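Sequence positions, counted from 1, serve as the residue numbers for this chain. As the structure lists them, so they are numbered: ligands from 1, and atoms in each ligand from 1. What you are looking at is a predicted structure, and each value in this text was computed from that prediction instead of being measured.
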Amino acid sequence: MPERFPASLQQKIEDRLRYYEDLGIRLFYTDRGPGSTGLAAQEAVASAPSPTPVFEETALPKSTPKPAPAKAAPPAMHPPLVVPPTGPSLFEAMDKVKDDTLLKIREDLGECTRCKLHKGRNKIVFGDGNPKAQLVFVGEGPGADEDMQGLPFVGRAGKLLTQMIEAMGLQRKDVYICNVVKCRPPENRAPEPDEVSTCSPFLMRQIDSIHPKVIVCLGATAAKTILNTTRGISQFRGEWLEWRGHKLMATYHPAYLLRNPPAKADVWKDLQKVMAELGLQLPKKAKS
Ligand code: SF4
């Protein structure tokens, strides 16, 4: 199939279709798959001779003045995409999105083998915390400790994140913590683009389901994935951004803070902005 869009746009379209697929909306890609002609098929149908003209002049009442001849023939109407008879209607699909729950998303994820990260994992690290949290932290992916326990942020970086949460006057059970990818990348490398694009629809569903007031992206991978940007995190770290009706703040990953302790001051400033947004008071022990 010839490439019809720039590669980056094509990738975005594929990611979006995959996201809808994971939501159970299967109205958009019934012509995808091996042997599919996709858009080409629609265009071929549209350009084929039609037994019924789209605009019939004889349908006009006799008394109606004859309209001026059009300069160009109107474009043929594309036939609607075929809705599979057993699939949900669009309204049913939207209800499904509205009623999505973390439990349902976890069931849909299953014992996932959608990307190559499944080969080296011990446990899927789906996410942990309050399903109605006002605050969601999103990291990059599980490390060794998380992979063993099936829980996010339980290693050294996780302990630091816990301290940060407690410094905000909260407990881990008050917030929700998850990652862009749910399986540990080998040697703790950064997840690759195909892994991120395959796994991130589940993250989006998790955020949609929780509907937090604030999302804090921990590190560049989370920020770039959610914001769909290639900008470096240093260009927008600590700034309030808007994402699909949520306030979003990007800050450094706790693992980075372990390597660069002076950056903790920047992160604490960012978290204080989050606290103000959530109406949280500085805990007494943090006042000086
Ligand atoms: S990283 Fe995500 S998409 Fe890849 S196998 Fe694990 S759960 Fe599936």
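A salt bridge does not link E140 with K224: none of the charged nitrogens is closer than 4.0 Å to a carboxylate oxygen. A salt bridge is defined here as a Lys NZ or Arg NE, NH1 or NH2 lying under 4.0 Å from an Asp or Glu carboxylate O, and D194 with K116 meets this definition.
A distance-only check finds a donor-acceptor pair linking the side chain of K213 to the backbone of E277 [under 3.5 Å]. A distance-only check finds a donor-acceptor pair linking the side chain of K273 to the backbone of G238 [under 3.5 Å].
Inter-residue side-chain proximity for V138 and C178 is flagged as met; some heavy-atom pair is nearer than 4.5 Å. Residues T101 and P131 have side chains not in contact (no heavy-atom distance under 4.5 Å, counting atoms from C-beta outward).
For atom 8 (Fe) of ligand 1, the tally of protein N/O/S atoms lying closer than 2.8 Å stands at 1.
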